[in-house]
Amino acid sequence: MKEVLNHNRNNLLRKGNWFLLFFSLVSCCLVYFVSTVFPHEQEQRHFRRRLTSEKTASSAVHLLTPSSFTVVGPSTFPKPSSYGRDNDDVKPYLKPTFGAHRHDVDAVFVFAAEYGLNTYICFVESLRKTGFTGDVVFAVSALDVKDKVTREYLSEPNNGIVTYVLMLKCFNAEMEEVESAKGGMRVCTLDGLWGDVDQKPLMDPRPARTIATTRYELYWIWSLNYDLHSWIMLLDARDAYFQSNPFANVPREKEKSRTDGILHFFGENADATRIGKSPKNRKWLTNAYGDVVVAALEDKPTICSGSTMGEQVALETYLRAMVAESDETGTKLMGADQGFHNYLYYTQKLAFANTIRSIHVFDQGRGVINNLGALRTAPLEEWGNGRLVRNNSEADISVLNWDGTPSPVVHQFDRHKLLSNFVYKLKTIELRNEYFEKHARK
């Protein structure tokens, strides 16, 4: 700043133009004021916002501290339907194949293509046994409903299941069109997701991408069918089951017209892993954002993208943000959505969204959803001197939170032999038999 002033002053004095000298001095002072005072004010607003967010968290919530990144992203995110367009004429076109959304209930959203009947039964029937009466919304592949029994299960009337049968167009490594998504490893497109102003279906405007990222576009469309303060859970189906009603104790908004809401994120065990310790998490973040971001986040606990809850008004914004990260980075790696998820939280790109009042992050074993994947390095019964599992018998196993209460949702059970045997060989068979016996009596 001094060098600029001296340079301008000397030039102007030589010319004898005192008026221009005065004008130059005033301009430089203004530049200095803007460059020093305004960032300070932004930092103060950012600090106050963070304190407010932390104060609103329940005492039972361990809120992980975001990084000290300065927020440069938007506080609003584009609608997924606006991709590649300058107008708002494009609307969601996709409709349920079976069932109908109920706007005033809670819901669980699941992308569950090519999983099979037993997976659907274990997921839905274990949830129903907890007393949950809301919607279970599935996206499945056309391959799934070729099986008559699976189709009948997913289309049963008045059972609270809403099913979207997707006509995916998938491609192998040589970009040859193939029938299967191969467990999400292949990239796919989805025509008919959007419609024009006359509600005619449109071709998929996005390039082929993994179904793990496509699901957030679907979830966003589905979320529009629910009231502002309905609670919605996003969960993987293949490796999850329920022990109690996950919505029983969520905070309920009394002011139904309120235009902001709460998000709940769920971490993986911070003693077992961190972002920098996990080769996969490092790869997802590096591919999308580069080495600098990975270096800044490497000591942060990993937050799982396969398990999220929130009030509709907040979750709708989160889903916009997840789709926007996919569009902006262009990454096509399977699992990249976990990189987006952690990036959005730790850089606080969600922090200034008007529709998100607070984000609560629960450590592993301290919230509604218990993520067990990072604990695979040892048998589950060895963690915490056996505090995470109560094994009464081969047919009676409970997964516990660290406070000794049963975890409402057990996620990533298949990383542990004890639980895999229990779920696949006993629990699923029991739930399947109960379901078909009940329907045989009708």
Side-chain angles (χ1 to χ4, degrees), residues 61-67 108-112 123 183-184 210-213 215-216 219 231-243 246 250 262-285 288 294 297-310 314-315 318-319 321-322 325-326 331 333-347 349-350 359-377 380 383 388 399-402 407-416 419:
V61 176
H62 179 72
L63 185 62
L64 301 178
T65 305
S67 70
V108 181
F109 292 174
V110 191
F111 196 107
F123 189 90
T210 65
I211 57 177
T213 52
R215 61 179 171 169
Y216 293 96
Y219 293 166
W231 274 80
I232 299 171
M233 176 184 291
L234 316 178
L235 188 62
D236 297 331
R238 178 186 56 80
D239 57 0
Y241 67 93
F242 300 85
Q243 298 186 132
V250 296
I262 300 168
L263 286 178
H264 285 180
F265 289 170
F266 301 91
E268 298 183 7
N269 187 280
D271 293 327
T273 189
R274 300 273 172 152
I275 286 175
K277 290 182 180 180
S278 166
K280 288 185 177 180
N281 281 283
R282 290 186 69 94
K283 179 176 69 173
W284 295 327
L285 283 165
V294 175
L297 301 182
E298 62 182 0
D299 293 328
K300 300 294 184 183
T302 305
I303 308 172
C304 179
S305 64
S307 53
T308 299
M309 293 179 71
L315 195 75
Y318 162 77
L319 294 170
M322 288 291 283
E325 292 304 310
S326 177
T331 183
L333 288 177
M334 180 181 177
D337 58 298
Q338 180 138 307
F340 308 153
H341 186 74
N342 281 271
Y343 180 81
L344 283 169
Y345 177 72
Y346 284 120
T347 62
K349 283 188 75 172
L350 294 172
I359 303 173
H360 301 177
V361 181
F362 294 82
D363 278 340
Q364 177 272 321
R366 299 188 185 280
V368 168
I369 302 173
N370 194 347
N371 297 314
L372 303 175
L375 303 177
R376 73 184 80 188
T377 54
L380 190 63
W383 286 92
L388 276 182
V399 175
L400 309 177
N401 280 356
W402 291 107
S407 308
V409 184
V410 180
H411 184 220
Q412 301 168 331
F413 70 82
D414 62 344
R415 278 65 157 182
H416 300 275
L419 290 180

Return the minimal non-hydrogen interatomic distance between [X] and [Y], and the atom names on each side.
| X | Y | answer |
| --- | --- | --- |
| A237 | A112 | CB-CB, 4.0 Å |
| A321 | L350 | CB-CD2, 3.7 Å |
| R282 | I275 | CG-O, 3.5 Å |
| Q243 | V399 | NE2-O, 2.8 Å |
| H411 | A240 | CD2-CB, 4.1 Å |

L372 and W383: CA distance, side-chain angles, deciding distance, side chain to side chain contact (heavy atoms under 4.5 Å, CB included) verdict: CA-CA 11 Å; L372 303 175; W383 286 92; over 6 Å; no

[X] versus [Y]: any side-chain heavy-atom pair under 4.5 Å?
| X | Y | answer |
| --- | --- | --- |
| N371 | S307 | yes |
| F362 | V368 | no |
| L234 | L315 | yes |
| F111 | D236 | no |
| N342 | W284 | no |
| Q412 | E268 | yes |
| Y345 | L263 | no |
| V108 | F123 | yes |

Approximate separation, where rounding is to 0.5 Å, of [X] [atom1] and [Y] [atom2]:
| X | Y | atom1 | atom2 | result |
| --- | --- | --- | --- | --- |
| Q338 | L333 | CD | CG | 13.0 Å |
| Q364 | R366 | CD | CZ | 8.5 Å |
| F340 | S326 | CZ | OG | 4.5 Å |
| E298 | L285 | CD | CG | 11.0 Å |
| D414 | D239 | CG | CG | 5.0 Å |
| N269 | R376 | CG | CZ | 12.5 Å |

Sequence-distant partners of F413, ring-ring contact (aromatic ring centres under 6.0 Å, His included), two or more places apart: Y241, Y424

ring-ring contact (aromatic ring centres under 6.0 Å, His included) against W231, all qualifying residues, sequence neighbours excluded: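 In terms of ring-ring contact (aromatic ring centres under 6.0 Å, His included), with neighbours along the sequence ignored, W231 is linked to H264.
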
Partner set under salt bridge (charged side-chain N to carboxylate O under 4.0 Å, His left out) for [X], not counting sequence neighbours:
| X | answer |
| --- | --- |
| R274 | none |
| D271 | none |
| E325 | K349 |

Stepwise side chain to side chain contact (heavy atoms under 4.5 Å, CB included) test for F266 and T308: CA-CA 7 Å; F266 301 91; T308 299; 5.7 Å; no

Derivation of the side chain to side chain contact (heavy atoms under 4.5 Å, CB included) call for F242 and L235: CA-CA 11 Å; F242 300 85; L235 188 62; 3.7 Å; yes

Residues forming a side chain to side chain contact (heavy atoms under 4.5 Å, CB included) with A212, sequence neighbours excluded: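 For A212, the residues satisfying side chain to side chain contact (heavy atoms under 4.5 Å, CB included) (neighbours in sequence not counted) are T210, R215, D337.
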
Heavy atoms of other groups near K277 NZ, more than 12 under 6.0 Å: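 Yes, the 6.0 Å shell around NZ holds more than 12 heavy atoms from other groups.
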
Residue pair V410, N370: steps toward the side chain to side chain contact (heavy atoms under 4.5 Å, CB included) verdict: CA-CA 5 Å; V410 180; N370 194 347; 5.8 Å; no

